[in-house]
Amino acid sequence: MAESRITPRAQDFAAWYQDVVLEGNMAEPAEIVKGCMVIKPNGYAVWELLQRQLDDRFKASGHENVYFPLLIPESFLHKEAEHVEGFSPELAVVTIAGGEKLAEPYVLRPTSETIIGHFFARWIQSWRDLPLLLNQWANVVRWELRTRMFLRTTEFLWQEGHTAHASHEESLAETLRILDIYAEVAEQVMAMPVIKGMKTQGEKFAGALRSYSIEAMMQNGLALQAGTSHDLGQNFGKAFDVQFQNREGGRDYVWQTSWGVSTRLIGGLIMSHSDDKGLVLPPRLAPVSAVIVPIFRKEEEKTAVLAASQSLHQELTRHGVRSKVDEREGLTPGAKFFHWERRGIPLVIELGPRDLAAGQAVLKRRDTGTKQPLPLAELAARVPAELERMQQDLFAAAQARLAANTIRAASLAEVEEILAPVTAEKGGGKFVLAHIQDQAACEEALKKFKATIRCIPMQDLADGPGPCIVTGAPVERRSVIARAY
RNA sequence: CGGGGCGUAGCGCAGCCUGGUAGCGCACCUGCCUUGGGCGCAGGGGGUCGCCGGUUCAAAUCCGGCCGCCCCGACCA
């Protein structure tokens with residue numbers, strides 16, 4: 001169990017991130033499979049908690065889970081022109097199976113709009129079949145040129161929602177309803193503040209009418225697209241001939257949506273809260289939220305302390321706290337503190353002879369490092385509130401950082417001034433709010449400082465209309481411009 | 001996919017230039033001792049030197065190819 005040093009953020013943010021992922025027992029590179037990772041127990045446990053939060057909300061809003069094949073006939077991708085153009089470069093294709101060359105190759109799904117479109121066409125006949133609200137938890141494969149654990153890997157886990165509706169009004173409402181769910185989970189569960197917005201035409205999903213996203217700011221100021229929700233219009237309906245008979249007796253193509261969040265969220269979680277000592281997990285996503293470290297010297301102390309630790313553990317369990325006792329032999333308490341610290345455990349409870357004598361235990365918070373002695377009799381009952389406070393504090397801290405690093409700009413020169421001098425790797429990235437048109441030429445103008453329009457916020461974050469910093473044409477509200485992962 | 005760096009014990013590295021029986025620290029195992037922020041002492045185990053090929057009496061070391069990881073860029077959740 002070698003635990004090595006963690007590179008400080010200020011020295012090398014990318015190295016820090018990788019150290020935290022590794023030392024936090026979250027994941028490691030698959031090494032023998034290019035661009036892939038092994039998600040380790042701590043990382044997968046976080047994913048399961050996140051999955052559950054999302055899945056409960058999907059179910060509550062009327063969605064049902066399904067599962068479609070991993071393999072998709074290559075021709076399916078070609079049915080929607082923009083879609084194939086967008087995904088072709090990153091497809092992995094199966095050409096040989098069972099020792100025979102396939103008549104038609106299969107692609108490993110990069111996303112499932114096409115194969116789902118095919119089945120929607122079979123399942124949907126009438127307006128009474130709508131809306132059709134489906135979701136699947138799956139793995140997808142995209143042959144990425146550059147990978148980073150959780151943020152971008154060749155294979156990743158996600159959920160993809162696919163819905164079909166009778167009108168554009170309904171599909172748009174669904175798209176935005178999901179965007180709200182994503183934002184709620186990001187902010188309330190992950191403690192990661194996000195900006196909800198519309199993607200530009202240049203940044204939207206290949207094949208969509210409009211894409212919407214939640215954008216988060218990492219500690220180095222880079223933007224992370226944390227979730228997307230697409231209003232597909234009738235594009236896939238037409239490509240896959242998904243028609244239904246409407247109330248008036250006429251035939252119509254369905255209006256579809258698709259939306260997804262992935263294991264990338266875990267990368268965002270890590271880069272939102274962790275520090276130079278390692279991983280920091282918000283309580284709601286911590287697989288274990290309190291670890292009890294027993295401290296003892298003599299045999300009779302050991303017996304008493306372990307007994308007290310176990311009963312505290314049971315008490316915590318009764319109060320709904322995911323806790324455990326670190327009973328490992330041969331490790332000093334100090335070694336255990338460091339161990340759990342780098343794994344991001346929200347609370348460590350120190351319990352030794354001195355505490356027992358005083359009828360207390362010492363509670364230590366992972367984020368602030370503050371220690372607080374609490375009477376044993378009431379400790380377990382107070383832990384949930386302490387966890388909740390930490391959850392809120394993490395969110396507030398992230399929110400403050402987002403606010404402090406969001407700056408308005410009135411011209412391209414000002415955008416450059418804000419973004420150019422500081423390299424994002426050194427932690428100086430910013431969100432720039434500026435009026436800019438949703439046009440290829442405008443996005444092109446941002447390229448030289450490696451920035452993009454992250455989104456056009458759903459709610460005006462500043463001061464209403466103004467002239468485009470590239471063309472001078474009037475623009476309704478400021479967009480978020482930033483460098484992104 | 002282009003540029004750069006790296007690949008030697010579980011981890012971090014030295015050795016490579018100048019070919020000649022593979023080393024160090026941590027971790028691990030055993031025993032004793034210790035335990036309120038990474039205990040100590042003693043003994044011990046562990047290696048196809050990323051892979052394939054070439055040169056050579058002899059390759060971790062020289063040459064060629066390939067693979068993987070990291071960083072930067074272009075493409076992307």
Side-chain angles (χ1 to χ4, degrees), chain A residues 1-5 7 12-15 17-19 22-23 28-37 85-91 110-111 139-160 182 199 202-206 211 213-216 223-230 258-268 277 293-299 301-302 305 326 328-342 348-358 360-362 364 369 371 373 423-425 447 450 452 484-485:
Chain A
M1 207 177 321
E3 298 188 340
S4 48
R5 282 115 237 105
T7 309
D12 183 342
F13 195 83
Y17 174 74
Q18 190 167 2
D19 289 346
L22 292 170
E23 295 300 321
E28 65 181 55
E31 176 195 3
I32 43 167
V33 188
K34 183 177 166 58
C36 292
M37 65 174 168
E85 193 189 330
F87 280 104
S88 284
E90 48 190 275
L91 292 179
T111 179
N139 57 338
V140 287
V141 172
R142 298 181 185 177
W143 214 257
E144 300 289 353
L145 298 178
R146 183 174 175 185
T147 58
R148 303 168 190 258
M149 284 187 288
F150 290 116
L151 299 174
R152 175 167 294 102
T153 46
T154 298
E155 178 188 8
F156 58 94
L157 304 181
W158 77 343
Q159 59 68 215
E160 45 178 322
Y182 286 164
K199 299 305 270 188
E203 294 270 330
K204 71 170 185 175
F205 175 75
S211 289
S213 73
I214 51 171
E215 302 283 331
L224 184 75
Q225 179 174 302
T228 47
S229 187
H230 313 292
S258 69
W259 28 274
V261 294
S262 69
T263 37
R264 165 179 265 199
L265 284 177
I266 296 174
K277 289 183 283 194
V293 176
I295 300 161
F296 47 80
R297 198 179 296 256
K298 312 184 197 99
E299 203 53 33
E301 285 176 350
K302 177 175 175 181
V305 167
D326 187 352
R328 289 175 299 165
E329 307 263 354
L331 285 174
T332 62
K336 292 180 180 177
F337 297 149
F338 280 103
H339 178 82
W340 297 114
E341 186 168 73
R342 68 182 48 217
V348 168
I349 300 169
E350 307 178 11
L351 184 54
R354 296 209 296 261
D355 296 308
L356 273 190
Q360 63 168 40
V362 177
K364 179 165 187 195
K371 286 188 182 184
T423 65
E425 282 63 38
K447 270 199 168 173
K450 299 175 207 158
T452 48
Y485 273 103

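Here is how names work: the chains are called A, B, and so on, in the same order as the sequence lines, proteins then strands, and each is numbered from 1. Note that the structure is predicted; figures quoted are calculated from it, not measured.
Note on A:E90: only backbone sugar-phosphate atoms sit closer than 4.0 angstrom, heavy atoms only; bases stay farther off. Within the nucleic acid shown, A:G35 comes within 4.0 Å of sugar-phosphate atoms alone, with no base atom in reach, counting heavy atoms only. A:K371 comes within 4.0 angstrom of a base, heavy atoms only. Using a 4.0 Å heavy-atom cutoff across all strands shown, A:Q225 reaches sugar-phosphate atoms only and no base atom. The residue A:L151 sits close to a base: some heavy atom pair falls under 4.0 Å. Residue contacts shown for A:F205 are absent, as no nucleic acid heavy atom lies under 4.0 Å away. A:T7 comes within contact range of no nucleotide atom at all, as no heavy-atom separation falls under 4.0 Å. At a threshold of 4.0 angstrom between heavy atoms, the contacts of A:S262 include nucleobase atoms, whether or not backbone atoms are also involved.
Atom P of nucleotide B:rC69 and atom OH of A:Y17 are separated by 15 Å, given to the nearest angstrom. Atom CD of A:E301 is separated from atom P of B:rU35 by 9 Å (rounded to the nearest Å). Between the CD atom of A:E350 and the C1' atom of B:rG36 there is a distance of 6 Å, given to the nearest Å. Rounded to whole Å, the distance from CD on A:E329 to C1' on B:rU35 is 11 Å. Atom CG of A:L145 and atom P of B:rC75 are 10 Å apart (whole Å). Here B:rU35 presents its C1' atom at 9 Å from NZ of A:K336, a figure rounded to the nearest Å. Note: CG (A:L22) to C1' (B:rC69) measures 11 Å, nearest angstrom. Counting to the nearest Å, the C1' atom of B:rG38 and the NZ atom of A:K277 are 14 Å from each other.
Nearest heavy atom pair, residue A:G352 against residue A:V305, reads C-CG2, 4.0 Å. Closest of all the heavy-atom pairs between A:Q360 and A:P373 is OE1-CB, 3.5 Å. Across A:L151 and A:G268, no two heavy atoms sit closer than the pair CD2-N, 4.3 Å.
To the nearest whole angstrom, the two C1' atoms, one in B:rU35 and one in B:rC51, are 46 Å apart. Taking the C1' atoms as reference points, B:rA74 lies 26 Å from B:rG7, given to the whole Å. Atom C1' of B:rG45 sits at a distance of 34 Å from the matching atom of B:rC57, rounded to the whole Å. B:rG68 and B:rG50 have their C1' atoms separated by 8 Å, with the value rounded to a whole Å. When the P atom is used for both B:rU30 and B:rC69, the distance is 36 Å, rounded to whole Å. For B:rU48 and B:rU8, the P atoms lie 12 Å apart once the distance is rounded to whole Å. Nucleotides B:rG12 and B:rC6, compared at atom P, are 15 Å apart to the nearest Å. On the P atoms, B:rC24 is 24 Å away from B:rG19, given to the nearest whole Å.
For A:A14, the listed nucleotide lying nearest its side chain is B:rC71; candidates were B:rU34, B:rC1, B:rC71. Comparing B:rG36, B:rC70, B:rC71 against the side chain of A:P353 picks out B:rG36 as the nearest. Picking from B:rC75, B:rC69, B:rU35 the nucleotide with the shortest atom distance to the side chain of A:P333 gives B:rU35. Comparing B:rG38, B:rC69, B:rG36 against the side chain of A:R342 picks out B:rG38 as the nearest. Comparing B:rC69, B:rG38, B:rC75 by their nearest atom to the side chain of A:P29 picks out B:rC69. Closest contact between the side chain of A:Q18 and the listed nucleotides B:rC70, B:rU35, B:rG36 involves B:rC70.
For the pairing with A:S211, the side chain to side chain donor-acceptor pair (under 3.5 Å) check across A:K204, A:K199, A:H230 returns one residue only, A:H230. Considering A:T263, A:L265, A:T111, A:V261 in turn, A:T111 is the only one that fulfils the side chain to side chain contact (heavy atoms under 4.5 Å, CB included) rule with A:W158.
Nearest-nucleotide positions on RNA chain B for A:A15 and A:Y485 put A:A15 closer to the 5' end. Judged by closest nucleotide on RNA chain B, A:K302 is the one of A:K302 and A:K204 placed further toward the 5' end.
Using cut-offs of 30° and 60° for the angle between ring planes, the A:W259 and A:Y182 rings count as perpendicular.
Side-chain nitrogen and oxygen atoms of A:K298 include none within less than 4.0 Å of the OP1 or OP2 phosphate oxygen of B:rC33. Residue A:K450 places at least one side-chain N or O under 4.0 Å from the OP1 or OP2 atom of B:rG73.
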Worksheet entry | Criterion side-chain contact (heavy atoms from CB on, under 4.5 Å) on A:S213 and A:T228, from CA distance to verdict | CA-CA 4 Å; A:S213 73; A:T228 47; 4.0 Å; yes
Discussion item. Using the rule given for side-chain contact (heavy atoms from CB on, under 4.5 Å), can you reason through A:V140 versus A:F156, listing the C-alpha separation, both sets of side-chain angles and the distance that settles it, and then say yes or no?
Written reply: CA-CA 6 Å; A:V140 287; A:F156 58 94; 3.4 Å; yes
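Of the nucleotides present, B:rC13 is the one that pairs with B:rG23 by Watson-Crick or G-U wobble criteria, both distances under 3.5 Å.
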